[in-house]
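Notes follow the structure.
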Amino acid sequence: MFKFFFLVNKQGQTRLAQYYDNTPAEERVVLEAEIVRKCLGRNEDKCSFFEMKGFNIIFRRYAALYFIAGVTAEENELAILEFIHNLVETFDKYFDSVCELDIMFNLDKAYMILDEMILDGEIFETNRSRVLAPVKQLERDMFNKTT
Amino acid sequence: MPSLQKVKDLIQQIRACKTAALERDLVNKECAKIRDTLSLEHNDIRHINVAKLLYIFMLGYPAHFGQMECLKLISSNSFTDKKIGYLGSSLLLDERQDVHLLLTNSIKKEFNHSSQYVVGLALSTLGCILSAEMGRDLSTEVEKLFSHKHSYVRKKAALCAVRIVSKDGDLAENFKSSVKKLLSDRNHGVVLGGVALGTVICQKRPEFLEDLRHNVSHLVKLMRTLLQTTHAPDHDVQGVTDPFLQVNILTFLRTLGKGDETSTESMNDILAQVATNTDSGRNVGNAVLYETVKTIMEIQAEKGLRVLAINILGRFLLNSDKNIRYVALNTLLKSVHTADGPAIQRHRTTVLDCLKDPDISIRRRAVELCFALITKDNIETLLTEILALLETAPEELQMYVISNIFIPIERYAPSQEWHVNTVLDLIRTAGGFIRDDQVSSIIALFASQTEYHPVISAKLYKAVREDASLQPVVQVSVWCLGEFGETLTTQEPKIEETEIISTLNELMHSTLLNSMSKVFTFNSLMKLSVRLKQQSNIDLIKCILANYTNNMDAELQQRAVEYSTLFKQYDYLRANLLEEIPLKVTENEDGTGEETSLDVKNPKNVAPAKKPQEMDTLLGILGPSDPVPQPTAMNGVDTNNILLDILGTGPVLPTTQETPVNGNDLDSLLGMTTLVADTSTHIPSITAYEKNDICITFSFEKNPSNPGSFKIKMQAKNTTAFVEITEFLFQAAVPKGFEIKMDQPDSNIIPAQAQIEQLMTIMNPSKAPVKMLIRFSYVMNGTKTEDQAQVSNFPEELTN
């Protein structure tokens with residue numbers, strides 16, 4: 001089960017963060033900083049998993065963005081790694097070759113996509129077109145409103 | 001309408017801030033503006049405000065004042081507003097906030113909305129903020145949505161149910177019958193939800209496991225379909241059909257199959273199929289294989305399958321992807337202590353290769369695994385590799401290796417020579433990390449190897465010359481130099497007696513050593529005063545001692561004064577007092593061969609943590625951390641007083657005068673037994689229980705003032721070689737007419753090969769034959785064991 005999922009850039013700024021275990025807001029900032037420091041400190045030679053405070057951290061780097069997932073110990077690390085890739089592909093499909101700015105300026109959409117893939121800490125949809133269906137619906141809705 | 005900048009502009013402004021202080025300023029200003037506009041109750045700008053707040057919140061600033069706005073947005077009719085509202089409430093609210101109770105009603109209303117996406121939104125939000133109470137209110141509504149016409153709603157309802165059950169296990173009953181229905185859905189998202197729901201029910205309510213096991217055959221069928229589908233564009237991830245579903249089904253099968261033979265049997269076949277048919281060329285395939293292996297190892301799968309699983313892990317170790325090597329080592333570590341150990345041995349060389357991995361976490365796991373794989377036959381090869389690793393390893397890893405390496409070395413050493421040389425190598429490479437208790441066992445080892453004394457002293461002398469800043473190395477070295485340092489003067493390259501003494505003197509002056517190491521050095525000098533032959537050197541030692549009689553360090557000063565007195569007033573005793581420590585002969589634990597070792601452990605390591613006051617005085621005589629080994633060759637009883645003086649430390653000195661001088665005291669002093677032996681009749685101790693890695697013995701002591709009562713000292717020993725016992729609880733019951741009083745045990749954790757003690761007092765006024773029922777429980781390797789036994793072989797002396 002996922003404990004949290006967040007996106008951080010190389011400077012350590014959080015770009016998207018979703019928690020599934022009610023971590024208090026003050027702790028989140030500290031936790032994020034700590035994890036990011038660890039992730040940034042790991043070079044190419046090191047593997048993408050490490051243990052911290054009782055849960056496993058799995059991260060994957062895409063250009064300047066780090067996708068970081070915190071999961072419980074029994075979770076399959078390799079599958080999570082694959083899931084991160086799946087998520088990035090979904091972002092890619094929606095934003096058309098996604099970059100950090102896309103996510104920053106369309107935070108609500110990015111959240112929506114993430115929420116369509118993980119709910120309550122469980123992966124529940126990995127099919128790209130089905131994930132994007134409600135987001136597209138939202139766009140149509142906005143379009144109708146403006147016209 | 002107040003002019004309000006767009007979300008985009010705010011983000012840009014925040015990004016343009018050069019320092020954290022500027023950013024904080026800007027955010028505070030913006031928050032103030034938002035607060036102002038909130039009070040205007042303007043519907044068109046509400047969603048902009050909330051969107052801004054979300055961004056601000058993500059940066060780590062408080063934004064909880066926007067909670068009510070979210071609720072208002074939810075009740076709006078526009079999908080966009082609703083979306084932001086729900087997103088806001090799922091982030092800004094959590095189950096501890098009171099506001100969310102207001103949400104319950106609007107969510108309930110939303111469940112009947114015509115748009116599937118609106119229902120979906122409500123369900124997602126409910127999942128995020130659900131409390132146990134809300135779960136109870138809404139569980140029936142959620143269950144109804146399991147049969148919603150849109151799969152989009154069904155899958156979200158399933159996950160919402162997962163959350164409800166995980167908050168309140170009692171509600172599992174409502175959902176357990178629905179699992180089957182969810183699993184038969186055509187949409188993979190719904191099936192995933194069903195699997196998650198099943199798993200959480202099993203966790204929360206293990207009594208429902210039996211019910212849920214009916215689904216095994218269906219899950220197996222599902223797995224088979226997934227395996228056989230070659231082309232499914234909807235679910236294909238790099239050539240594997242929905243790997244996420246496969247992984248989750250495998251996890252669920254693991255939960256269901258654990259401890260149940262029938263379901264395990266029905267799974268064996270499909271697990272073998274997955275293991276053989278999944279393409280291991282890419283990460284996806286490996287993820288599925290990894291999950292399969294985990295399942296095989298945890299359920300009681302047939303032997304062939306387990307070997308297959310271990311071989312898959314062996315292949316993983318050869319993989320070029322470090323992540324895969326990492327998970328393989330992790331999984332192997334979990335199963336190395338089970339019956340699969342021999343199968344893992346076959347991959348030893350691959351594991352050894354991982355010791356050279358650039359990633360430290362992989363190296364660390366490889367070392368752990370190596371320790372578990374050490375046997376009599378392979379210790380030499382494995383240790384060579386581990387020592388090579390130690391040369392380059394970072395401190396953290398060195399520390400780990402050092403604290404774990406001595407037990408296997410001692411257990412499996414092929415020859416004494418190898419043993420001594422390996423330990424010397426370890427001292428050279430990572431000596432600084434040796435623990436205090438290990439220092440004493442190394443000393444015991446070196447002392448016992450009489451024929452290697454010249455080699456040992458030469459190497460340790462060199463070590464101390466090269467680097468005299470590591471306390472453990474200095475302690476071991478100077479102890480050995482004191483005990484058999486004279487061997488240096490007779491072997492090549494020859495070292496002069498004066499040189500040894502000046503080296504030790506330098507150590508005394510060193511600022512890098514702590515007082516403990518200096519006390520070691522002091523004792524060593526003292527011992528050399530009888531080992532070395534030239535009178536001039538002995539005078540030199542006297543001189544060095546005299547320098548410290550007014551040292552700032554109380555401990556050193558006291559030693560110096562004591563030893564100087566020894567020189568002056570009791571010089572005739574010096575040679576006897578400082579004789580070589582005799583070797584203690586002990587039986588090896590498995591009874592093969594005899595091994596000599598010396599009891600030089602510090603009293604603090606041997607004595608239990610809690611002990612009655614009267615023992616303190618006796619043990620106190622030895623000093624809290626006295627490294628001086630106890631001389632045993634005594635010429636007469638009248639020397640005891642002096643001896644006690646010498647060994648004593650400051651604060652306890654007065655008590656030593658009052659200590660009655662008799663043989664018994666000396667015995668307990670030297671043997672460091674923890675009970676004060678003042679009984680004149682000796683009562684033999686008994687073994688009350690010996691089975692399953694635990695040995696419980698009783699020793700007795702009669703109370704002379706009250707003949708009807710006696711004390712029992714229970715000693716529970718952990719006879720395993722490596723495994724620690726935790727949560728040890730001992731209970732005893734006596735027949736009617738007896739009375740029993742139990743003291744606290746000194747610990748409830750028994751490390752391997754160690755023991756704990758507990759005192760009991762038995763009142764037996766009728767002097768009936770003693771009987772006792774004992775019961776105890778403990779946790780070992782994560783499993784709890786309980787046992788009981790009747791003890792009736794109490795010695796007759798107790799009732800006389």
Side-chain angles (χ1 to χ4, degrees), chain A residues 1 6 13-20 22-26 28-30 32-33 42-51 58 74-83 85-86 104-105 107-108 111-112 115-116 119-127 129-130 133-134 137-138 140-142 145, chain B residues 7-8 11 15 51 54-55 57-60 62 78-80 83-84 87 90-91 94-96 115 117 120 124 127-128 152 155-156 158-160 162-163 188-189 192-193 196 234-235 237 242-244 247-248 251 283-284 286-288 290-291 294 322-327 358-362:
Chain A
M1 192 189 145
F6 49 79
Q13 292 158 316
T14 313
R15 289 298 172 226
L16 183 82
Q18 182 67 283
Y19 287 77
Y20 303 100
N22 292 322
T23 317
E26 316 80 65
R28 293 181 185 190
V29 185
V30 182
E32 279 165 29
R42 295 178 79 86
N43 56 16
E44 294 288 305
D45 290 340
K46 301 195 169 161
C47 63
S48 325
F49 319 130
F50 56 93
E51 281 168 32
I58 291 140
E74 68 272 15
E75 199 66 50
N76 183 325
E77 294 97 331
L78 297 175
I80 303 290
L81 207 60
E82 199 54 45
F83 171 79
H85 188 67
N86 201 299
M104 277 179 73
F105 290 113
L107 197 58
D108 54 331
Y111 264 119
M112 197 163 174
D115 287 348
E116 288 303 323
L119 186 58
D120 303 340
E122 305 277 355
I123 300 174
F124 77 109
E125 186 61 80
T126 49
N127 177 290
S129 39
R130 277 208 290 267
Q137 166 69 29
L138 178 78
R140 271 198 296 280
D141 196 63
M142 281 169 86
K145 223 168 125 189
Chain B
V7 185
K8 231 175 209 171
I11 297 176
R15 288 192 72 209
L54 290 183
Y55 186 76
F57 178 70
M58 197 187 62
L59 292 175
S78 129
F79 186 56
T80 330
K83 173 64 210 162
I84 292 280
L87 180 59
S90 67
L91 290 173
D94 59 46
E95 58 180 18
R96 286 160 304 176
S115 160
Y117 297 121
S124 322
C128 282
Y152 181 76
K155 69 185 179 192
K156 290 209 166 183
L159 282 163
C160 202
V162 171
R163 176 84 175 197
H188 283 197
L192 264 172
D234 265 8
H235 300 287
V237 179
D242 208 339
F244 304 103
V247 166
N248 278 327
T251 319
N283 184 45
V284 207
N286 286 326
V288 176
Y290 171 45
E291 199 62 41
K294 272 175 44 177
K322 50 206 175 300
N323 295 332
I324 292 173
R325 292 200 299 272
Y326 175 93
V327 295
D359 184 350
I360 176 173
S361 44
I362 292 182

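In this text the structure is predicted, and so the values were computed from the model without any measurement. Proteins come first, then strands; the chains are lettered A, B, ... in the order of their sequence lines, and each starts at number 1.
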(request) Before giving the answer on side-chain hydrogen bond (donor to acceptor under 3.5 Å, both in side chains), spell out for B:Y326 and A:E77 the whole-Å C-alpha distance, their side-chain angles and the decisive distance to 0.1 Å. (result) CA-CA 10 Å; B:Y326 175 93; A:E77 294 97 331; 5.4 Å; no

key: CA sep, side-chain torsions, deciding dist, call: B:R163, A:E122, salt bridge (Lys or Arg N to Asp or Glu O under 4.0 Å)   = CA-CA 10 Å; B:R163 176 84 175 197; A:E122 305 277 355; over 6 Å; no

For this session: Any chance you could lay out the side-chain contact (heavy atoms from CB on, under 4.5 Å) test for B:V7 and A:F105, step after step, and finish with the verdict?
Result: CA-CA 8 Å; B:V7 185; A:F105 290 113; over 6 Å; no

After noting the C-alpha distance and the side-chain angles of B:K156 and A:L119, does the key distance pass the side-chain contact (heavy atoms from CB on, under 4.5 Å) rule? CA-CA 8 Å; B:K156 290 209 166 183; A:L119 186 58; 4.2 Å; yes

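The salt bridge (charged side-chain N to carboxylate O under 4.0 Å, His left out) test applied to B:K155 returns A:E125, not counting sequence neighbours.
When each of A:A133, A:S129, A:G121 is scored by its heavy-atom pairs under 4.5 Å with chain B, the top score falls to A:A133. The choice from B:R325, B:R15, B:M58 that makes the most heavy-atom pairs within less than 4.5 Å of chain A is B:M58. Ranked by heavy-atom pairs under 4.5 Å with chain B, the list A:I80, A:D108, A:N76 is led by A:N76. For the set B:A158, B:G120, B:C160, B:S124, the entry with the most heavy-atom pairs within less than 4.5 Å of chain A is B:S124.
The shortest heavy-atom contact between A:A79 and B:A287 is N-CB, 3.6 Å. Residues A:C47 and B:N323 come closest through the heavy atom pair CB-OD1, 3.1 Å.
The parts of A:M112 that come within reach of chain B are both its backbone and its side chain, each placing non-hydrogen atoms under 4.5 angstrom from that chain. With a 4.5 Å cut-off on non-hydrogen atoms, A:Y20 touches chain B through its backbone but not through its side chain. For A:T14, the parts sitting under 4.5 Å from any heavy atom of chain B are the backbone and the side chain alike. A:Y19 does not touch chain B: none of its heavy atoms, backbone or side chain, sits under 4.5 Å away. For chain A, the nearby part of B:K83 is the side chain; its heavy atoms alone come within less than 4.5 Å. Looking at A:R42, the atoms closer than 4.5 Å to chain B (heavy atoms on both sides) all sit in the side chain, from C-beta outward.
Counting only distance, with no hydrogens or angles, the side chain of B:K294 and the backbone of A:E74 share a donor-acceptor pair below 3.5 Å.
In this structure, CG on B:L159 lies 11.0 Å from CD1 on A:I123, to the nearest 0.5 angstrom. Separating the OH atom in B:Y55 from the CG atom in A:L107 is a distance of 8.0 Å, to the nearest 0.5 Å. A:T126 OG1 to B:L192 CG: the interatomic distance, rounded to the nearest 0.5 Å, is 7.0 Å. Here the CG-CD1 distance, from A:L78 to B:I324, works out to 5.5 Å after rounding to the nearest 0.5 Å. Atom CD in A:E75 sits 7.0 Å away from atom OG1 in B:T251 (nearest 0.5 Å).
Considering only heavy atoms from C-beta on, A:H85 stays 4.5 Å or farther from B:N283 through its side chain. Contact annotation: the side chain of B:L87 approaches that of A:D115 to within less than 4.5 Å [non-hydrogen atoms, C-beta and beyond]. A heavy-atom distance below 4.5 Å is found between the side chains of A:F49 and B:V327. In this structure, A:P134 and B:Y152 have side chains that are in contact, with non-hydrogen atoms separated by less than 4.5 Å. Looking at A:Y111 and B:L54, their side chains never come closer than 4.5 Å, going by heavy atoms from C-beta outward. With contacts defined as side-chain heavy-atom distances shorter than 4.5 Å, the pair B:V162/A:D120 does not qualify.
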